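Predicted model only: the values in this text are computed from it and were never measured. Letters A, B, ... mirror the listed sequences (proteins, then strands); counts begin at 1.
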Amino acid sequence: MIDLRLVRDNPDAARASQLARGADPAAVDRLLAADASRRAAVAAADELRAEQKTFGRSIGKASPEDRPALLTRGKALAAEVDEAESAETVAQAELTAAHKIIDNVVSTDTPPGGEQDYVVLKHVGEPKVLTGKVRDHLELGEGLGAIDMERGAKVSGARFYFLKGVGAQLQFAMLNLAISRALANGFTPMIPPVLVKPESMEGGGFLGAHADEVYKLANDDLYLVGTSEVPMLAYHADEILDLSAGPIRYAGWSSCFRREAGSYGKDTKGIIRVHQFDKVEMFSYVRPEEADQEHQRLLAMEEEMLGLMELPYRVIDTAAGDLGSSAARKFDCEAWVPTQEAYRELTSTSNCTTYQARRMNIRYRDENGKPQMAATLNGTLATTRWIVAILENHQQPDGSVVVPAALRPFMGGLEVLEPTR
RNA sequence: GGUAGCGUGUCCGAGCGGCCUAAGGAGCACGCCUCGAAAGCGUGUGAGCGUGAAAGCGUUCCGUGGGUUCAAAUCCCACCGCUACCGCCA
């Protein structure tokens with residue numbers, strides 16, 4: 001949720017943000033109206049309650065002969081309070097609804113526009129010119145005995161796979177390297193639950209426009225998370241954090257589950273777009289004034305990892321219309337995928353400012369000891385999809401794949417993955 | 001899954017229809033005392049919302065949600081969690 005005070009003091013900023021996202025600026029005015037009527041309802045209910053409380057106490061002290069008359073009056077007051085409280089509840093619900101519908105206020109640095117309006121911040125490395133027979137990641141993975149899509153489909157259906165042998169090893173190595181880099185940077189490793197309650201899912205803003213992306217276990221009223229961002233955010237729900245010693249940083253390792261509804265026919269080959277994958281995700285709780293700096297830090301760590309994987313990539317500043325509902329600004333790192341002759345997203349880091357924290361009621365104490373809303377940020381440190389870029393960029397004409405040096409210590413010193421057929 | 005007990009403020013813990021505006025203790029903060037400290041003494045000690053320039057005032061919060069009542073931490077119901085025992089099980 002966005003800051004109500006900001007909306008009251010500077011509604012134009014909120015309207016401008018809505019326009020940049022391609023959303024309805026009138027939603028801001030509906031929020032203001034709902035806010036005003038809630039405040040009126042609260043004042044009315046408070047006043048009646050105060051009256052009832054004082055009056056109720058007098059009944060207890062009254063003499064037996066005075067009681068019947070007082071009780072009649074008491075009953076009437078109770079009915080009035082009841083009515084006022086109902087009105088208060090309704091007004092509160094209307095305010096919450098109007099409040100939640102508005103996405104985070106975008107950063108003034110975020111490029112306006114839609115999916116195609118991103119700004120490329122930089123390129124790192126040159127797309128490699130491959131010679132000889134060039135294989136895509138699936139062909140390479142199958143040749144190495146690393147990826148088995150057919151059996152994935154047999155066992156679980158489309159968009160499922162087995163990582164096997166060096167494929168499984170490669171993923172372990174990559175994720176372990178990610179965790180060790182996170183540790184070196186002061187992150188606390190975390191293995192979270194991947195099944196969460198509806199309110200945990202809701203808090204991150206994942207049940208809004210993209211609710212059909214999420215797997216739900218109806219029998220148990222639980223959701224499978226699409227990223228460990230969900231449990232790492234819900235982890236500190238309703239808490240007042242101590243950020244006096246600096247940000248709190250976690251690196252979550254989890255499987256992630258996505259329905260990929262509406263992506264029929266897109267990326268059907270291989271493991272680029274799958275229903276289940278593994279990921280190491282960074283998550284930071286910071287003071288709002290530190291959020292931009294933390295965002296740069298997360299981006300730098302993503303770039304470091306891509307560098308260690310020896311991949312050519314570019315960094316883009318995502319446009320307002322392509323931001324998630326919680327994000328004010330988002331940077332994606334996209335690695336070159338030779339057989340697609342395209343850059344594909346490998347990491348994504350979002351600055352969610354106080355938006356998620358406000359939904360989850362996560363605060364910290366400022367210098368004066370007063371609770372204030374915290375800011376949250378997240379970013380990818382490694383995922384299964386990276387295997388696509390690693391295999392394709394480091395392939396050799398004979399179908400073998402050179403292991404990036406940084407991964408070798410995590411693979412028993414293995415330097416080259418050799419085809420098994 | 002079954003049965004029983006328990007869920008109170010930062011922590012421990014009392015309260016079991018109106019005097020709860022939640023006892024008492026610990027912790028913490030400040031002050032006094034002291035050369036300094038400890039001890040002792042005194043004062044203060046949460047969050048949300050509303051209102052106000054502020055101090056303040058009002059209101060909500062005793063696991064969560066309902067209910068009974070003029071009035072609920074207190075009575076009733078459901079749910080969640082913890083603990084113990086039983087059953088089942090990788």
Enquirer: Using the C1' atom as the reference point in each nucleotide, state the distance between B:C12 and B:A22 in Å, no decimals.
Expert: 15 Å

Enquirer: Is the closest basic N to carboxylate O distance between A:Arg344 and A:Asp267 below 4.0 Å?
Expert: yes

Enquirer: For B:C86 versus B:A73, give the span between their C1' atoms, rounded off to a whole number of Å.
Expert: 33 Å

Enquirer: What's the closest nucleotide to the side chain of A:Arg49 if the choices are B:G48, B:G50, B:U59?
Expert: B:U59

Enquirer: State which of B:A47, B:C70, B:U59 makes the closest approach to the side chain of A:Ala50.
Expert: B:U59

Enquirer: Tell me: CZ of A:Arg365 to P of B:A29, nearest whole Å?
Expert: 14 Å

Enquirer: If the P atom of B:A47 is compared with that of B:G9, how far apart are they to the nearest Å?
Expert: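 Those two atoms are separated by 15 Å.
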
Enquirer: Is it true that A:Glu345 and A:Arg385 make a salt bridge, defined as a side-chain N closer than 4.0 Å to a carboxylate O?
Expert: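 Here A:Glu345 does not pair with A:Arg385 in a salt bridge, since their nearest N and O are not under 4.0 Å apart.
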
Enquirer: Using atom C1' in both nucleotides, what's the gap between B:U83 and B:G44 to the nearest angstrom?
Expert: 37 Å

Enquirer: For A:Asp46 and B:C49, give me the distance from atom CG to atom C1', rounded to whole Å.
Expert: 8 Å

Enquirer: Rounded to whole angstrom, note down the C1' distance from B:G5 over to B:C41.
Expert: 43 Å

Enquirer: Can you confirm whether A:Glu150 is buried at CD, in the sense that more than 12 heavy atoms of other residues, nucleotides or ligands lie under 6.0 Å from that atom?
Expert: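 At most 12 heavy atoms, drawn from other residues, nucleotides or ligands, come within 6.0 Å of this atom.
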
Enquirer: Output yes when A:Asp242 and A:Arg365 qualify as a salt bridge under the 4.0 Å nitrogen-oxygen rule, no when they do not.
Expert: no

Enquirer: Measure CG/A:Leu77 against P/B:G18 and give the value in whole Å, please.
Expert: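 It is 21 Å, rounded to the nearest whole Å.
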
Enquirer: What's the CG-P distance between A:Asp238 and B:A47, to the nearest Å?
Expert: 15 Å

Enquirer: Look at the side chain of A:Pro371 and decide which nucleotide, out of B:A71, B:G48, B:U59, has an atom nearest to it.
Expert: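 Shortest atom-to-atom distance from the side chain points to B:G48.
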
Enquirer: Between A:Ile240 and A:Glu85, name the one whose nearest nucleotide on RNA chain B is closer to the 5' end.
Expert: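 Nearer the 5' end of the strand: A:Ile240.
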
Enquirer: Just the rounded figure in Å: distance from P of B:C61 to CG of A:Asn361.
Expert: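 Checked: the CG to P distance equals 17 Å.
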
Enquirer: When rounded to the nearest Å, what value does the distance between C1' atoms of B:U8 and B:G46 take?
Expert: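 Per the computed distance, 14 Å lies between those C1' atoms.
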
Enquirer: Among A:Glu229, A:Lys279, A:Glu281, A:His275, which residue satisfies the side-chain contact (heavy atoms from CB on, under 4.5 Å) criterion with A:Cys256?
Expert: A:Lys279

Enquirer: Is the A:His236 to A:Tyr250 ring centre distance short of 6.0 Å?
Expert: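 Yes - the distance between ring centres of A:His236 and A:Tyr250 falls below the 6.0 Å cut-off.
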
Enquirer: Stems in RNA chain B: runs of 3 or more consecutive Watson-Crick or G-U pairs, distances under 3.5 Å?
Expert: B:1-7 with B:80-86, B:10-12 with B:24-26, B:27-32 with B:40-45, B:46-51 with B:56-61, B:63-67 with B:75-79

Enquirer: CD of A:Glu88 versus P of B:G50: gap in Å, rounded?
Expert: 11 Å

Enquirer: Rounded to whole angstrom, note down the P distance from B:G58 over to B:U10.
Expert: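 My reading of the P atoms in B:G58 and B:U10 gives 22 Å.
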
Enquirer: Regarding A:Asp212 and A:Arg259, does a basic nitrogen lie under 4.0 Å from an acidic carboxylate oxygen?
Expert: no

Enquirer: Send over the distance from A:Gln52 CD to B:C70 P, rounded to a whole Å.
Expert: 10 Å

Enquirer: Sticking with atom P, work out how far B:G17 lies from B:C76, rounded to a whole angstrom.
Expert: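 So the two P atoms sit 11 Å from each other.
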
Enquirer: Is the phosphate of B:U60, meaning OP1 or OP2, less than 4.0 Å from a side-chain N or O of A:Lys53?
Expert: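 Answer yes for this pair, as a side-chain N or O of A:Lys53 is under 4.0 Å from OP1 or OP2.
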
Enquirer: Map A:Glu47 and A:Lys370 onto RNA chain B by nearest heavy atom, then report which one ends up closer to the 5' terminus.
Expert: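 Its nearest nucleotide lies further toward 5', so the answer is A:Lys370.
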
Enquirer: Any chance you could measure A:Glu294, atom CD, to A:Leu299, atom CG, to the nearest 0.5 Å?
Expert: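 Here the rounded value is 12.0 Å.
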
Enquirer: Of the nucleotides B:U59, B:G50, B:C70, which has the atom closest to the A:Lys75 side chain?
Expert: B:C70

Enquirer: Return the minimal non-hydrogen interatomic distance between A:Met301 and A:Leu381, and the atom names on each side.
Expert: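 Looking at all heavy atoms of both residues, the shortest contact is O-CD1, 3.8 Å.
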
Enquirer: Measure from CZ on A:Phe55 to P on B:U69 and round the result to the nearest Å.
Expert: 17 Å

Enquirer: Does OP1 or OP2 of B:C70 have a side-chain N or O of A:Arg73 closer than 4.0 Å?
Expert: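 It does not, given that no N or O in the side chain of A:Arg73 lies less than 4.0 Å from OP1 or OP2 of B:C70.
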
